[in-house]
Q: 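Below you will find the structure I want to go over with you.
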Amino acid sequence: MKAHYMNSPPILSNEWEHMYKLVAVDLDETLLNDARHVPLRVRRAIEQARAKGVYIVPSSGRSFAIMQYILDEIGAKDMKDEYAISCNGACITENAHNTIIDLQPPTPWDFCNKIWKHGIQLGNVGVHVYTLASIYTTKWRDDDRNIFTLTGIPAIETREANLEFLRNTHIVKILYMNNDFAYLQQLAHDMRDLTRDVGVTFSSNCYMEFTPKGISKGAALKRLAHHLGIDMSETIAVGDSANDSEMIKAAGLGVCMANADDSMKAQADYVTQNNNNEGGVAEVIEKFILNA
């Protein structure tokens, strides 16, 4: 069983003296600062870790198509032997030519169509449908417009009453967006009958996400580690939200950011002293890889 400690390891323990070979890193509120860019300290730490042969793997709810500027900022865009986990673990790509090396089954169209129509009926959530190439949304509300403007994520607004136009398209996930997180949690409870056959998770305190059961960043981390011949004890996972929970628990060293809530911190082996604006990811790389 993994030990748990906050901010610094026990002085006399060598439990954490591993040669870590792979670091899976969430994006929003983790790798990225509040301006949605990678801090300079983090970019420098990533470059140094990569020089030691360590894989730095962005792991996001975003699709790989809209992770490109982030991959560019960390020097991994279109690079061979560099990888990304996207769509909450539904897809793993090698960054060179965005080559898909692992793609999980789609979220069933019938279910997505019900969620789409239910969201329109609710009227107070944005409904976002992720395909491998695009995001389709219901009529934009102010919340949707603000988040897409802030993140720079391109989305296609549509007034379609159903998803017939995506019937033959691989849908990786569908989500509801609302800035009232307590409301989303209550909504998840109210929708239990509708969502009993899928996985439901939350991210960024404003998204409730639906994917097939068994799909998670943690499961994807295990598949990628196996693909690379890396033991899970040699992996680190860093995140802040509920959709990071499975990879934090699966990794050899599970790390939670200082800016996360207490329920997430309780699941981690290590909690950073620095938040996402201060370079918390760099703290992890420096502590457990560069200065180990």
Side-chain angles (χ1 to χ4, degrees), residues 19-28 30-32 36-38 42-107 130-135 151-154 169-173 203 211-212 214-239 243-244 246-248 250-253 255 281 284-285 289:
M19 179 69 75
Y20 292 109
K21 298 178 180 178
L22 188 158
V23 184
V25 187
D26 172 55
L27 298 187
D28 296 301
T30 299
L31 181 69
L32 304 181
R36 296 303 194 271
H37 290 283
V38 182
V42 176
R43 282 182 274 151
R44 286 174 173 168
I46 288 174
E47 182 180 4
Q48 291 173 330
R50 188 178 289 128
K52 294 185 68 170
V54 176
Y55 293 99
I56 306 296
V57 181
S59 304
S60 179
R62 302 188 190 199
S63 67
F64 63 85
I66 56 176
M67 294 168 64
Q68 297 305 303
Y69 87 88
I70 299 164
L71 298 180
D72 193 31
E73 287 193 3
I74 65 172
K77 183 178 179 180
D78 205 32
M79 296 296 290
K80 185 174 175 57
D81 297 322
E82 296 282 346
Y83 300 88
I85 293 170
S86 59
C87 301
N88 280 342
C91 185
I92 303 173
T93 50
E94 182 178 3
N95 297 344
H97 311 298
N98 288 331
T99 304
I100 295 175
I101 63 171
D102 182 276
L103 181 62
Q104 297 298 292
T107 307
Y130 281 62
T131 69
L132 290 172
S134 304
I135 301 175
T151 59
I153 295 174
T169 302
H170 188 114
I171 298 175
V172 288
K173 71 174 184 178
S203 63
T211 54
I215 289 179
S216 71
K217 294 182 183 181
L221 174 57
K222 291 178 182 178
R223 295 195 304 274
L224 179 58
H226 178 76
H227 174 79
L228 297 173
I230 294 173
D231 190 84
M232 286 301 293
S233 67
E234 301 170 317
T235 66
I236 300 175
V238 191
N243 69 334
D244 302 316
E246 293 302 317
M247 75 171 184
I248 287 173
L253 177 65
V255 178
V281 170
V284 175
I285 293 173
I289 295 174

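Since this is a predicted model, take the numbers as computed values, not measurements.
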Q: Can you tell me how far apart CD1 (I70) and NE2 (H37) are? Round to the nearest 0.5 Å.
A: 9.0 Å
Q: Apply side chain to side chain contact (heavy atoms under 4.5 Å, CB included) to residues L27 and M67 and explain how you reach the verdict.
A: CA-CA 9 Å; L27 298 187; M67 294 168 64; 4.1 Å; yes
Q: Quick one: pull up CD in Q104 and CZ in R223 and give me the separation to the nearest 0.5 Å.
A: 3.5 Å
Q: Compare all side-chain heavy atoms of R62 with those of D28 and state whether any distance is below 4.5 angstrom.
A: yes
Q: What's the separation between atom CE in M19 and atom NZ in K52, rounded to the nearest 0.5 Å?
A: 6.5 Å
Q: Where do A250 and K222 come nearest, in terms of heavy atoms and distance?
A: CB-CE, 3.8 Å
Q: Any heavy-atom pair between the side chains of V25 and I46 that's under 4.5 Å?
A: no
Q: Show me the donor-acceptor pairs, under 3.5 Å and distance only, between side chains in residues 83-94 and residues at least two apart or in other chains.
A:
| unit_1 | atom_1 | unit_2 | atom_2 | d |
| --- | --- | --- | --- | --- |
| N88 | OD1 | N243 | ND2 | 2.8 |
| N88 | ND2 | E209 | OE1 | 2.4 |
| E94 | OE2 | D81 | N | 2.7 |

Q: Between T99 (side chain) and A96 (backbone), is there a donor-acceptor pair under 3.5 Å?
A: yes
Q: I'd like to check F64 versus L71 (side-chain heavy atoms, cut-off strictly below 4.5 Å). Are they in contact?
A: no
Q: Tell me, do D26 and L31 make a side-chain contact under 4.5 Å, heavy atoms counted?
A: no
Q: Of all heavy-atom pairs between I248 and V255, which one has the smallest distance, and what is that distance?
A: CD1-O, 3.5 Å
Q: Side-chain contact test, heavy atoms from C-beta onward, threshold under 4.5 Å: evaluate it for T107 versus P212 and give yes or no.
A: yes
Q: Which residue in the set V54, I236, L224 passes side-chain contact (heavy atoms from CB on, under 4.5 Å) when paired with L22?
A: L224
Q: I want to check something: taking the side chain as every heavy atom from C-beta on, are V281 and V23 in contact at a cut-off of under 4.5 Å?
A: no
Q: Would you say M232 and L221 make side-chain contact, with heavy atoms under 4.5 Å?
A: yes
Q: Going by salt bridge (Lys or Arg N to Asp or Glu O under 4.0 Å), name the pairs with one or both residues in residues 227-237, residues two or more places apart or in two chains.
A: K21-E234
Q: Would you say that I285 contacts I56 through its side chain, given a criterion of any heavy-atom pair below 4.5 Å between the two side chains?
A: yes
Q: About how many Å separate CZ of R50 and CD1 of I74, when rounded to the nearest 0.5 Å?
A: 5.5 Å
Q: Can you give me the closest heavy-atom contact between S216 and E246, atom names plus distance?
A: OG-CB, 3.6 Å
Q: Report the C-alpha distance between I66 and Y130 in whole Å, list the side-chain angles of each, state the deciding distance to 0.1 Å, and finish with yes or no for side chain to side chain contact (heavy atoms under 4.5 Å, CB included).
A: CA-CA 11 Å; I66 56 176; Y130 281 62; 4.3 Å; yes
Q: How about NE2 on H226, more than 12 heavy atoms from neighbouring residues, nucleotides or ligands closer than 6.0 Å, or not?
A: no
Q: Closer than 3.5 angstrom, by distance alone: can the side chain of E82 be matched with the main-chain N or O of A76 as a donor-acceptor pair?
A: no
Q: Minimum heavy-atom separation for T235 to A225, with atom names?
A: CG2-CB, 4.4 Å
